[in-house]
Every structure is written in structure tokens, then in C-alpha cells.
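What follows is one structure encoded as C-alpha cells, with my remarks underneath.
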Protein chains: 2
Amino acid sequence: MTLGRPREFDTEAALTKAMRLFWRKGYEGTSLSDLTDEMNITRPSLYAAFGNKEELFLKVLDRYDRETSSFIQAALDAPSARSVAEGLVFGACAFHSDKHNPAGCLMVHGALVGSDESVAMRKETSLRRGGLKDRITQRLKQAQTEGDLPQSTDPAALAGYLVAVLRGMAVEAASGASPADLKGIATVAMAAWPG
Amino acid sequence: MTLGRPREFDTEAALTKAMRLFWRKGYEGTSLSDLTDEMNITRPSLYAAFGNKEELFLKVLDRYDRETSSFIQAALDAPSARSVAEGLVFGACAFHSDKHNPAGCLMVHGALVGSDESVAMRKETSLRRGGLKDRITQRLKQAQTEGDLPQSTDPAALAGYLVAVLRGMAVEAASGASPADLKGIATVAMAAWPG
DNA sequence: CCTATTGTGTATCAATCGGTATATAAAGCT
DNA sequence: AGCTTTATATACCGATTGATACACAATAGG
């Protein structure tokens with residue numbers, strides 16, 4: 001099978017540890033020593049398994065998109081425009097209220113600012129944030145063609161509003177907002193929904 | 001008058017340079033070398049004039065609160081609850097559309113995450129963010145007593161919603177949102193306002 | 001057993017981090 | 001002129017940053 005000495009740690013478990021660390025401290029705020037301590041591996045093992053800090057962060061982003069913040073895909077699969085919006089904002093409530101998760105959103109504060117060294121990672125998270133807005137816009141356009149959302153509304157504007165609310169909830173969650181606080185935000189936010 | 005050798009630089013102008021730097025790169029992302037290069041002063045001069053990096057950041061936060069993001073106080077002084085809300089969200093539009101300002105909000109992404117070294121600065125910005133919510137809540141309560149806002153509404157929930165929208169707009173602005181994008185967010189957000 | 005291949009552990013790299021010690025320059029006061 | 005006080009400039013501090021060189025350990029295939 002695989003040649004050479006077998007790896008002594010579980011890469012998936014280690015990736016989870018890394019994700020939670022980046023989630024709490026951001027890309028630049030997380031040092032290699034932080035990572036190796038938390039993942040219980042040595043520095044060369046980390047580089048052999050994940051490349052370098054940037055590649056590790058990218059793998060973490062993939063995992064976050066695919067598994068951790070999966071409530072977003074679930075919301076987009078909801079049957080009506082309103083249920084999509086509700087799924088997003090109330091899904092975000094549940095997401096940020098889950099005590100197993102670090103506070104806030106990895107995409108938002110994981111790499112929003114930083115020194116010139118991390119400009120590539122900021123661009124990456126920015127792209128992924130923009131991708132979410134595009135996906136919501138597409139879903140709302142589909143709702144319009146299905147007669148599910150008034151033709152008078154602007155799907156792009158509604159999507160922009162939704163992602164802004166999601167970002168705001170993430171910032172508030174990172175600042176220590178309670179589940180009740182978040183639910184209040186989501187409830188008021190839905191009052192703006194047409195129809 | 002003042003004893004000793006006179007200072008050769010303008011502390012207020014230097015503070016402005018520092019503010020814009022922290023605003024762009026965050027607290028930890030801004031190094032002392034960045035600061036001294038941009039402020040055109042030497043390291044000992046910075047320490048003599050501003051204490052250390054933390055004290056400089058606190059002075060920057062004061063200045064940001066007092067002068068730069070002053071549209072917030074203007075909005076709170078508006079005559080009605082609705083005009084307060086409009087002043088906040090559309091004031092944020094103008095604020096983030098001003099090409100003289102760095103993208104985003106210093107309070108939000110200047111110190112949202114980071115290593116353990118910057119925990120005190122994060123707590124400070126978190127406190128100030130919470131202070132804004134309290135001020136808005138108080139203003140809306142006043143509007144309720146003045147019969148300006150329906151008694152059936154929850155001032156704290158509305159304030160929480162408003163700050164969440166402001167935070168979200170800041171994140172979107174930092175991600176490169178256009179003035180039109182921001183105006184769209186603000187317009188939809190106001191559709192949730194009661195009355 | 002021998003070789004090839006891969007993972008681990010130690011020890012270290014140059015660069016940068018925030019912060020200072022020291023010496024000198026420029027002002028007011030006497 | 002001195003003397004005191006404050007600002008500037010150079011050079012440096014220990015600690016930490018992301019990243020590796022090297023030797024050694026553990027497996028598979030021959």
C-alpha cells in the first residue's frame with residue numbers, strides 16, 4: 001500500500017483543531033506554535049502533511065465551507081424565497097449559538113485585516129464571501145421565475161441585505177451576543193422581507 | 001512656555017496617520033515599523049509621545065469615536081426614531097463610501113480577533129461596540145416615551161438589529177462593496193422598521 | 001537482510017516583533 | 001555662559017515569527 005513510515009496522527013482530527021484555532025484567533029493571530037501545540041504534532045510533520053501555513057488555512061476554509069457552515073446550503077435548498085431567508089438568518093442563530101463552535105465566523109474575522117503578508121488569504125476569504133452572495137442571488141432569481149418572489153423586488157439587493165445581516169450577526173456573536181440577542185436580530189431582519 | 005526641546009512633528013497629524021494604518025491593517029497587523037514609517041518619526045519619539053502601541057491604539061480609538069465616526073452622534077440627535085435609524089444606516093453608507101476613509105470600520109475589524117497578546121485591545125473595542133448599542137437603545141426608549149415609536153416594539157431588539165446591520169455593512173465595505181451595494185443594504189434594512 | 005520511501009524529533013535559520021539604553025541636540029530658565 | 005528639561009537618532013535587546021536541515025525511526029517491496 002502506502003510506502004514509507006505511516007503517519008502517527010489523524011489528519012482530519014488535526015485539521016479540525018487547526019480550524020477551531022484559526023476561527024478563534026484569525027489567520028495572523030494563530031502562530032505555528034499555537035497550531036503544533038493544539039494539533040499535538042511537530043513543525044515538520046505539519047509542513048509535510050499540509051504544505052505550509054497558507055495551504056493549511058486554505059484546507060481549513062474548504063472544510064469550513066463544506067461541513068461546518070453547511071446550514072447555508074440547507075437554507076438555499078428550502079422551497080420558497082421566504083423560507084430560504086429564514087433558513088439563513090435563523091440558521092445563523094443556531095450556528096452562532098452552538099457552544100461547540102468558536103464565536104463568530106471564520107470567513108468574516110479569520111482574515112478581514114492584517115499585515116501585507118496575509119493579503120492573499122484575505123483575498124481568498126473575500127472571494128468566498130462574495131461567492132455566498134452570488135449563490136443567494138441566484139436562488140432568489142430562481143424564486144422570482146417560480147413566482148415565489150415578487151417581480152418588483154431586486155434579488156441582488158435582497159441577497160446583499162441578507163449577507164450583510166449574516167456578517168453583522170457574526171460580528172455580534174464574536175462580541176459575545178447571546179442566543180436571544182441573535183434571535184432578536186434575525187426576527188427584526190425578517191420584517192424587511194417582501195410579501 | 002514648555003521646557004525642553006520642542007517636538008518636531010505634529011502629534012495630531014501623526015495620530016491621524018496611525019489611525020488610518022490601524023484602520024487598514026488592524027491592531028496586530030500594524031507593526032511599529034509600519035507606524036514609524038508612515039508617521040515619519042523614530043521609534044523613541046513614538047514611545048515618548050504616545051506611550052506604547054496599546055496606548056497609541058487607545059488614543060486612536062478615542063479619536064475615531066469622537067471625530068471620524070461622528071455621523072453616529074449626528075444620527076442619534078435626529079428628531080424621530082425613524083430618522084435616527086435612517087441617519088445611522090444611510091450615514092454608514094456615506095461613511096463607507098468616502099474615498100478618504102480606509103475600507104470598513106476600525107472598531108469592527110481593527111481588533112476582532114488576534115493572538116493572546118491583543119486580548120486587552122479586543123476587549124476595549126468590544127466594550128465600545130456594546131456602548132453604541134446601549135446609546136441607540138436609550139435613544140429608542142426616549143422615542144417610545146415621546147410617542148415616536150410604537151409601544152409594542154422592543155427598543156433593545158431594534159437597536160440590536162441596527163448595530164448588526166451597521167456591522168454587516170462595515171464587513172461588506174471592507175470586502176469591497178460599492179456605494180450602490182451599501183445603499184441597497186440600507187434601503188432594504190429600513191423596510192424592517194416599524195410604523 | 002537491504003534498499004527505498006516517508007514520518008518524526010531536535011535544533012536551528014534569518015527576519016521581524018515590541019520595546020529601550022545611550023548619546024546628542026535644542027529649547028527655557030537663571 | 002551654564003543648568004535643566006525634553007526630543008531625536010542610532011543601535012540594540014530578548015522573544016517570537018514562519019520555515020528547514022539534519023539525523024533517525026518505521027514501514028513496504030525486493
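Chain identifiers are assigned alphabetically (A, B, ...) following the order of the sequence lines, protein sequences preceding nucleic acid strands; residue numbering begins at 1 within each chain.
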| note | Taking for B:Glu8 and for A:Pro6 the nucleotide of DNA chain C with the nearest heavy atom, the one nearer the 5' end belongs to A:Pro6
| What is the nucleic acid contact for B:Ser115, judged by heavy atoms within less than 4.0 Å: base, sugar-phosphate only, or nothing? | nothing
| message | For B:Asp148 and B:Arg82: C-alpha separation, side-chain torsions, deciding distance, then whether salt bridge (charged side-chain N to carboxylate O under 4.0 Å, His left out) applies. | response | CA-CA 8 Å; B:Asp148 188 35; B:Arg82 171 170 286 272; over 6 Å; no
| query | Do the numbers put B:Arg7 on top of the ring of B:Phe9, so that NZ or CZ is under 6.0 Å from the six-membered ring centre and no more than 45° off the axis? | reply | yes
| Separation of A:Glu117 atom CD from D:dT16 atom P, in whole Å? | 18 Å
| query | Ignoring hydrogens and angles, are the base of C:dG19 and the side chain of B:Arg43 linked by a donor-acceptor pair under 3.5 Å? | reply | yes
| remark: Heavy-atom nearest nucleotide on DNA chain C taken for B:Arg5 and for B:Leu32; more 5' hit belongs to B:Leu32
| note | Between CG of A:Asp37 and C1' of D:dT16 the distance, given in whole Å, is 13 Å
| request: Write down the distance between OH (A:Tyr27) and C1' (D:dT17), rounded to a whole number of angstrom. | output: 12 Å
| query | With sugar-phosphate meaning primed atoms plus P, OP1 and OP2, does A:Thr36 contact a base, only sugar-phosphate, or nothing at under 4.0 Å between heavy atoms? | reply | nothing
| query | Do B:Lys53's NZ or CZ and the ring of B:Tyr27 fall within the cation-pi criteria of under 6.0 Å and 45°? | reply | yes
| field | B:Ser31, nearest nucleotide to its side chain (from C:dA26, C:dT5, C:dC17) | value | C:dC17
| Do the two ring centres, one from A:Phe95 and one from A:Trp23, sit under 6.0 Å apart? | yes
| task | Write down the distance between CE (A:Met121) and P (D:dG18), rounded to a whole number of angstrom. | result | 13 Å
| Would one find a side-chain N or O of A:Thr2 under 4.0 angstrom from OP1 or OP2 of C:dT5? | no
| query | B:Ser45 side chain N/O closer than 4.0 Å to the phosphate oxygens (OP1, OP2) of D:dT8? | reply | yes
| note | Closest to the side chain of A:Pro44, out of C:dT20, D:dA21, C:dC17, is D:dA21
| Between D:dT8, D:dA21, D:dG18, which nucleotide has the shortest distance from any of its atoms to the side chain of B:Thr42? | D:dT8
